[in-house]
Amino acid sequence: MEVKLGVMADFANITQDNKLNILGIFGGIRAKGFPCVHPSLHLVLILSGASSEQGRLCHVRIRLAHRNAVLSESDTQPVLDLSNEVLVPPAFGPKVEMQQIYALNLLQFPTPGEYLFHILLDGHLKAELPLLLEEMPPLGLEP
């Protein structure tokens with residue numbers, strides 16, 4: 001399996017006829033101060049593989065950490081670390097695709113800087129999606 005698409009958005013859903021809707025794609029968050037809590041974001045993935053992979057379980061792991069943190073268990077605490085087992089659906093043609101939406105609420109970011117979503121499939125790093133956290137400058141006082 002490979003990551004065909006990976007984005008962060010304000011909202012996403014999949015319709016009954018399997019259409020993927022994505023609203024408000026972004027790559028950065030501005031906060032008034034740190035640490036900060038971001039109320040909600042949707043991580044949207046499209047995973048693609050060969051038709052021979054249909055019917056098997058795929059282990060998906062998503063880890064969000066500051067860019068300076070190395071992808072290992074012994075590092076500083078990540079912002080997010082979740083695992084999921086997904087069943088690869090039937091293929092239509094030579095490829096199989098899976099649309100995945102992860103609604104991530106109340107993510108806590110300790111400091112500004114660049115964070116990375118590490119997307120691992122079956123234990124292999126398949127994608128890194130950057131997310132920039134910036135501190136907004138203080139508003140000037142009105143005369």
Side-chain angles (χ1 to χ4, degrees), residues 1-140:
M1 297 298 294
E2 299 296 326
V3 177
K4 182 178 176 180
L5 173 79
V7 295
M8 285 115 349
D10 290 326
F11 183 77
N13 70 5
I14 300 171
T15 65
Q16 289 181 352
D17 55 345
N18 208 33
K19 293 179 184 174
L20 177 62
N21 295 308
I22 306 172
L23 178 66
I25 295 173
F26 62 89
I29 297 170
R30 297 184 85 194
K32 291 181 181 177
F34 286 85
C36 76
V37 175
H38 189 68
S40 176
L41 75 81
H42 286 71
L43 177 64
V44 181
L45 303 174
I46 297 179
L47 308 179
S48 177
S51 61
S52 60
E53 295 188 74
Q54 68 184 351
R56 75 169 187 88
L57 283 177
C58 177
H59 180 77
V60 179
R61 182 175 178 205
I62 298 167
R63 188 171 190 269
L64 174 61
H66 197 278
R67 178 179 263 301
N68 295 336
V70 179
L71 185 62
S72 76
E73 298 297 330
S74 63
D75 277 341
T76 58
Q77 191 69 13
V79 172
L80 173 77
D81 194 351
L82 64 90
S83 293
N84 190 23
E85 295 281 338
V86 294
L87 183 63
V88 179
F92 297 100
K95 294 270 185 186
V96 62
E97 284 191 355
M98 296 187 297
Q99 301 171 346
Q100 301 284 300
I101 299 173
Y102 297 89
L104 307 174
N105 298 316
L106 304 175
L107 290 176
Q108 297 181 22
F109 296 94
T111 61
E114 188 175 26
Y115 289 76
L116 290 172
F117 278 99
H118 302 277
I119 313 300
L120 295 96
L121 304 178
D122 296 321
H124 301 283
L125 181 63
K126 296 294 185 169
E128 292 182 328
L129 307 175
L131 177 64
L132 181 62
L133 272 283
E134 296 180 302
E135 188 164 1
M136 291 190 305
L139 294 176

Point-to-point distance, once rounded to the nearest 0.5 Å, from CZ of R67 to CG of L116: 4.5 Å
Can you sort out the partners of Q100 under side chain to side chain donor-acceptor pair (under 3.5 Å), two or more places apart, ordered by chain and number? Y102
Residues two or more places apart in sequence or in another chain: which of them pass side chain to side chain donor-acceptor pair (under 3.5 Å) with N105? S40
What's the spacing between L64 CG and L43 CG if we round to 0.5 Å? 9.0 Å
As an exercise, state the distance from NE2 of H66 to CD of E114, rounded to the nearest 0.5 Å. 8.5 Å
More than 12 heavy atoms of other residues, nucleotides or ligands under 6.0 Å from NZ of K4: yes or no? no
With a cut-off of 3.5 Å and sequence neighbours excluded, list every side-chain donor-acceptor pair involving residues 17-37.
{"from": "D17", "atom 1": "OD1", "to": "T15", "atom 2": "OG1", "distance (Å)": "2.5"}
{"from": "N21", "atom 1": "ND2", "to": "N13", "atom 2": "OD1", "distance (Å)": "2.9"}

Quick one: list whatever passes side chain to side chain donor-acceptor pair (under 3.5 Å) with H59, sequence neighbours left out. E85
Identify all side-chain donor-acceptor contacts of residues 50-58 below 3.5 Å with residues at least two apart in sequence or on another chain.
{"from": "E53", "atom 1": "OE1", "to": "M1", "atom 2": "N", "distance (Å)": "3.3"}
{"from": "E53", "atom 1": "OE1", "to": "R56", "atom 2": "NE", "distance (Å)": "3.3"}
{"from": "E53", "atom 1": "OE1", "to": "R56", "atom 2": "NH2", "distance (Å)": "2.8"}
{"from": "E53", "atom 1": "OE2", "to": "M1", "atom 2": "N", "distance (Å)": "3.4"}
{"from": "E53", "atom 1": "OE2", "to": "A50", "atom 2": "N", "distance (Å)": "3.2"}
{"from": "Q54", "atom 1": "OE1", "to": "A91", "atom 2": "N", "distance (Å)": "2.6"}
{"from": "R56", "atom 1": "NH1", "to": "D122", "atom 2": "OD2", "distance (Å)": "3.0"}
{"from": "R56", "atom 1": "NH2", "to": "D122", "atom 2": "OD2", "distance (Å)": "2.8"}

What pairs with F117 under ring-ring contact (aromatic ring centres under 6.0 Å, His included), at least two apart in sequence or on another chain? none
Can you tell me how far apart CD1 (I119) and CG (L45) are? Round to the nearest 0.5 Å. 5.0 Å
Measuring only between side-chain heavy atoms, which start at C-beta, is V60 closer than 4.5 Å to L47? yes
